[in-house]
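Working notes, structure below.
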Number of protein chains: 2
Amino acid sequence: MLSNACQYAIRSVLYLSIHSTHEIKIGVKKVAEELETPQPFLAKLLQQLAKSNLISSVKGPNGGFYLTEKNLENSLWDIVKCIDGGDKFDNCFLGLSLCDDSNPCPVHFIVTPFKDKLLNDFRDKTLAQFTKEIITTRRVLSLKDYNVLEKK
Amino acid sequence: MLSNACQYAIRSVLYLSIHSTHEIKIGVKKVAEELETPQPFLAKLLQQLAKSNLISSVKGPNGGFYLTEKNLENSLWDIVKCIDGGDKFDNCFLGLSLCDDSNPCPVHFIVTPFKDKLLNDFRDKTLAQFTKEIITTRRVLSLKDYNVLEKK
DNA sequence: AAAAAAAAAGACTTCTTTATCCTAATTATA
DNA sequence: TATAATTAGGATAAAGAAGTCTTTTTTTTT
Ligand code: FES
Ligand code: FES
């Protein structure tokens with residue numbers, strides 16, 4: 001559904017949203033390590049997000065990426081739009097050129113409620129809200145330490 | 001979610017399920033035209049489906065593809081398994097290496113109910129049942145004539 | 001002012017998916 | 001039996017996505 005790139009981007013922004021502030025900037029290297037994503041590829045994505053003012057960045061020593069209060073007012077949907085484009089959820093699940101209630105494909109009414117719900121969630125919640133939920137409900141952004149935990 | 005190839009395959013099988021019988025076989029050319037899919041590409045897919053005994057075929061004049069009673073007992077999921085592989089729905093929506101209730105990503109509990117429902121629908125209904133539904137509820141497999149209809 | 005650390009930018013490579021083309025094998029029918 | 005229609009199979013091409021590498025620019029620190 002979402003491209004690889006977009007998945008990386010979303011997880012990165014959420015990561016920054018949790019761990020960065022204006023004072024604590026985080027470099028690509030760190031983010032890529034924590035999320036286990038290819039570093040140079042992620043760098044491109046963060047650049048693109050920064051260019052679209054979805055995240056903030058500062059060059060030079062102790063520089064890096066971070067989110068401002070304003071950045072936190074954006075939604076996950078803004079990230080998807082930036083990386084994958086805004087028509088990502090418009091397509092018919094079976095590849096019809098148009099997804100439409102009046103010409104529904106055989107799985108249309110199974111798929112659309114879900115798409116609508118997801119789209120709403122992505123569009124209506126700010127990153128700030130989303131992040132708060134992530135923290136209180138202990139959602140994970142990386143399975144980096146999963147094996148370690150299992151070994152215990 | 002599903003690959004292009006798999007979407008074509010599903011629509012083709014449903015098309016055959018509606019329009020073909022042992023007596024009425026349908027060639028790739030016809031199917032590709034009706035569904036507006038690239039012909040040689042679709043040919044490959046139908047070959048693959050035939051090889052896996054999901055559809056039947058006969059060569060030569062008046063030959064083509066069709067579904068037997070037995071073919072109709074298969075499910076959409078069988079088609080997905082044949083073309084995209086059986087792990088298609090296992091992946092985490094945000095790209096974590098594992099999708100799992102005990103290490104849920106931020107959208108896990110939004111996404112999984114849908115995936116489960118879809119997977120059940122795909123797995124539990126036979127093509128025969130599915131097709132019956134398609135006919136009684138007038139679902140569409142192609143928007144070939146959509147523009148024509150609009151023009152009227 | 002120099003050096004070092006980081007992001008920004010662009011060119012390039014690799015991999016996967018999608019799609020096409022050509023030839024062979026099979027079968028009905030004239 | 002010859003011919004034509006049609007699937008089967010293999011090789012190849014084109015496009016897009018994913019990922020890498022190198023150079024430039026900016027900024028902090030010494
Ligand atoms: S028409 Fe296929 S999902 Fe809406
Ligand atoms: S863990 Fe991400 S969708 Fe299940």
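Convention: sequence-line order gives letters A, B, ...; per-chain numbering from 1.
- In this structure, CG of Leu46(B) is placed 13 Å from P of dG9(D), rounded to the nearest angstrom.
- Distance, Leu45(A) CG to dA8(C) C1': 14 Å, rounded to whole Å.
- We find that CD of Gln47(A) is positioned 12 Å from C1' of dT24(D), with the value rounded to whole Å.
- Considering Val111(A), Leu94(A), Asp90(A), Thr112(A) as possible partners of Cys99(A), the one that fulfils the side-chain contact (heavy atoms from CB on, under 4.5 Å) test is Thr112(A).
- Within the 3.5 Å criterion, the main-chain N or O of Thr126(A) finds no donor-acceptor partner in the side chain of Glu73(A).
- If you look at His108(A) and Phe93(A), their ring centroids are not closer than 6.0 Å.
- Checked by atom type and distance alone, the side chain of Ser52(A) pairs as donor or acceptor with a backbone atom of Gln48(A) at under 3.5 Å.
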Where does DNA chain D pair, written as one dot-bracket string 5' to 3', with Watson-Crick or G-U pairs under 3.5 Å, ( ) inside the strand, [ ] for crossing pairs and | for another strand? ||||||||||||||||||||||||||||||

Show every donor-acceptor pair shorter than 3.5 Å between a side-chain atom in residues 117-124 of chain A and any protein atom, with sequence neighbours excluded, or say none if there are none.
residue: Asn120(A); atom: OD1; partner: Arg123(A); partner atom: NH2; Å: 3.1
residue: Asn120(A); atom: ND2; partner: Asp116(A); partner atom: O; Å: 3.4

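- In this structure, the separation between NE2 on His19(B) and OG1 on Thr131(B) is 11.0 Å, given to the nearest 0.5 Å.
- Summarising the geometry of Val28(A) relative to Phe65(A), their closest heavy-atom pair is CG2-CE1, 3.8 Å, with the distance given to 0.1 Å.
- If you take CD1 of Ile83(A) and P of dG19(D), they are 14 Å apart, rounded to a whole angstrom.
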What does the B/S/- profile of nucleotides 17-30 of chain C look like, 5' to 3', with a 4.0 Å heavy-atom cutoff to protein? -SBB-----BBBS-

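- The separation between Lys51(B) atom NZ and dT7(D) atom C1' is 13 Å, rounded to whole Å.
- Rounded to whole Å, the distance from CD1 on Ile55(A) to C1' on dA8(C) is 12 Å.
- For Ser57(B) and dT6(D), the shortest distance from a side-chain N or O to OP1 or OP2 is not below 4.0 Å.
- Rounding to whole angstrom units, NZ of residue Lys88(A) and P of dG16(D) are separated by 14 Å.
- Between the C1' atom of dA6(C) and the OH atom of Tyr66(A) lies a distance of 14 Å, rounded to the nearest Å.
- The main-chain N or O of Val140(B) is never found under 3.5 Å from a side-chain atom of Asn103(A) such that the two would form a donor-acceptor pair.
- Here the closest non-hydrogen pair linking Pro106(B) and Phe130(A) is CB-CE2, 3.6 Å.
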